[in-house]
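For clarity, every value in this text was computed on a predicted model and none was experimentally measured.
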Amino acid sequence: MSQHYRNHKRFYPPFHFFTIPLAILGLGFAIYSCIAIPTIITGLLVLAFFLISIIAVMARMFSLKAQDRAARAEEKLRYYILAGKAFPDGLKMGQILALRFASDEEYLALVDKAVADKLSPDEIKKAVKNWRGDYHRI
């Protein structure tokens, strides 16, 4: 399937539709149990499910940060290859990630426009004419 603006957002089903819902459900039941039967065990269950939920979210955030760093390096290299100069300062991570969807033909002009007009990531994505899909990001 070809990627474009309307379908570029991705979900990782084992995380988004299994891990997080089960962790939240478990936390809810643990809290209910702690209220219904207030003992040290039910209190520890609440703590355990709370920690499991936090760890799941942190693991996802850490992996996304690593992907963001790799994508930033890729876009800086791509800009250098196409323009022969360093990537301009002043772009935020969201803008850089949005620029990765632009084809090489429109990339340099879109980078300049994003810097000059301070385009939001969504505005950058909407400005892309020839979408370059990112099929490897999780």
Visitor: For residues Val57 and Leu27: do they belong to one hydrophobic cluster (side chain heavy atoms under 4.5 Å, members Ile, Leu, Val, Met, Phe, Trp, Tyr)?
Guide: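 No, Val57 and Leu27 fall in different hydrophobic clusters.
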
Visitor: Quick one: does Asp104's side chain get under 4.5 Å of Ile81's, heavy atoms only?
Guide: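 Counting from C-beta outward, Asp104 and Ile81 never come under 4.5 Å.
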
Visitor: Work out which heavy atom in Pro121 is nearest to a heavy atom in Ala98; give both atom names and the distance.
Guide: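 In this case the closest contact between Pro121 and Ala98 is O-CB, 3.4 Å.
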
Visitor: Measure the NZ-OH distance between Lys85 and Tyr79 for me, rounded to the nearest 0.5 Å.
Guide: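 So the NZ of Lys85 and the OH of Tyr79 are separated by 4.0 Å.
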
Visitor: Which value, rounded to the nearest 0.5 Å, describes the distance between Gln67 atom CD and Leu97 atom CG?
Guide: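 The distance works out to 9.5 Å.
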
Visitor: Could you report the tightest heavy-atom contact between Val46 and Ala30, atom names first, then the distance?
Guide: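 Closest approach of Val46 to Ala30: CG2-O, 3.3 Å.
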
Visitor: Report yes or no: do Ile124 and Val115 belong to one cluster of Ile/Leu/Val/Met/Phe/Trp/Tyr joined by side chain heavy-atom distances under 4.5 Å?
Guide: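 As far as the 4.5 Å side-chain criterion goes, Val115 and Ile124 are connected within one cluster.
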
Visitor: Taking atom CZ of Phe17 as the centre, report whether more than 12 heavy atoms of other residues, nucleotides or ligands fall under 6.0 Å from it.
Guide: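 More than 12 within 6.0 Å, yes.
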
Visitor: Are Leu119 and Leu108 connected in the hydrophobic side-chain network, where two residues link if heavy atoms are under 4.5 Å apart?
Guide: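 Same cluster.
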
Visitor: Treating Ile, Leu, Val, Met, Phe, Trp and Tyr as nodes and any side-chain heavy-atom pair under 4.5 angstrom as an edge, say whether Met61 and Ile24 lie in one connected cluster.
Guide: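 They do share one cluster, since a chain of ILVMFWY contacts under 4.5 Å joins Met61 to Ile24.
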
Visitor: If you round to the nearest 0.5 Å, how far is SG of Cys34 from CD1 of Ile41?
Guide: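 Answer rounded to 0.5 Å: 11.0 Å.
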
Visitor: Are the side chains of Phe87 and Tyr80 in contact, using a 4.5 Å heavy-atom criterion?
Guide: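 They are not in side-chain contact.
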
Visitor: What are the two closest heavy atoms between Phe101 and Val128, and how far apart are they?
Guide: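 Closest heavy-atom pair between Phe101 and Val128: O-CG1, 3.5 Å.
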
Visitor: So do the side chains of Thr42 and Ile31 get within less than 4.5 Å of each other, counting heavy atoms only?
Guide: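 No; the side chains remain at least 4.5 Å from each other.
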
Visitor: Provide the closest heavy-atom pair for Ala56 versus Phe15 in the form atom of the first, atom of the second, distance.
Guide: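 Distance-wise, the nearest heavy atoms are O-CE1, 3.4 Å.
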
Visitor: Atom CD1 of Ile55 and atom OG1 of Thr19: how far apart are they, to the nearest 0.5 Å?
Guide: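 Separation between the atoms: 12.5 Å.
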
Visitor: Is the number of heavy atoms from other residues, nucleotides or ligands within 6.0 Å of CZ (Phe50) greater than 12?
Guide: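 Atom CZ in Phe50 is not crowded, with 12 or fewer foreign heavy atoms closer than 6.0 Å.
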
Visitor: Do side-chain atoms of Arg69 reach the backbone of Ala66 as a donor and acceptor pair under 3.5 angstrom?
Guide: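 Pair absent, no side-chain N/O of Arg69 close to backbone of Ala66.
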
Visitor: Look at Arg72 together with Asp68 and state whether they make a salt bridge at an N to O cut-off of under 4.0 Å.
Guide: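 Result for this pair is no, no salt bridge flagged.
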
Visitor: Going by heavy atoms in the side chains, are His16 and Arg60 under 4.5 Å from each other?
Guide: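 Sidechains of Arg60 and His16: in contact.
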
Visitor: Does a side-chain N-to-carboxylate-O contact under 4.0 Å join Arg78 and Glu75?
Guide: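 Salt bridge: yes.
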
Visitor: Find the distance between CE (Met58) and OG (Ser63) and round it off to the nearest 0.5 Å.
Guide: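 Here the rounded value is 12.0 Å.
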
Visitor: Stepwise, does the side chain to side chain contact (heavy atoms under 4.5 Å, CB included) test hold for Lys125 with Trp131?
Guide: CA-CA 9 Å; Lys125 291 176 195 175; Trp131 195 270; 4.1 Å; yes

Visitor: Looking only at heavy atoms, which two atoms of Phe49 and Ala23 are closest? And how far apart?
Guide: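 Scanning both residues completely, I find the closest heavy atoms to be CD2-O, 4.1 Å.
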
Visitor: What's the spacing between Glu74 CD and Leu99 CG if we round to 0.5 Å?
Guide: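 It is 13.5 Å, given to the nearest 0.5 Å.
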
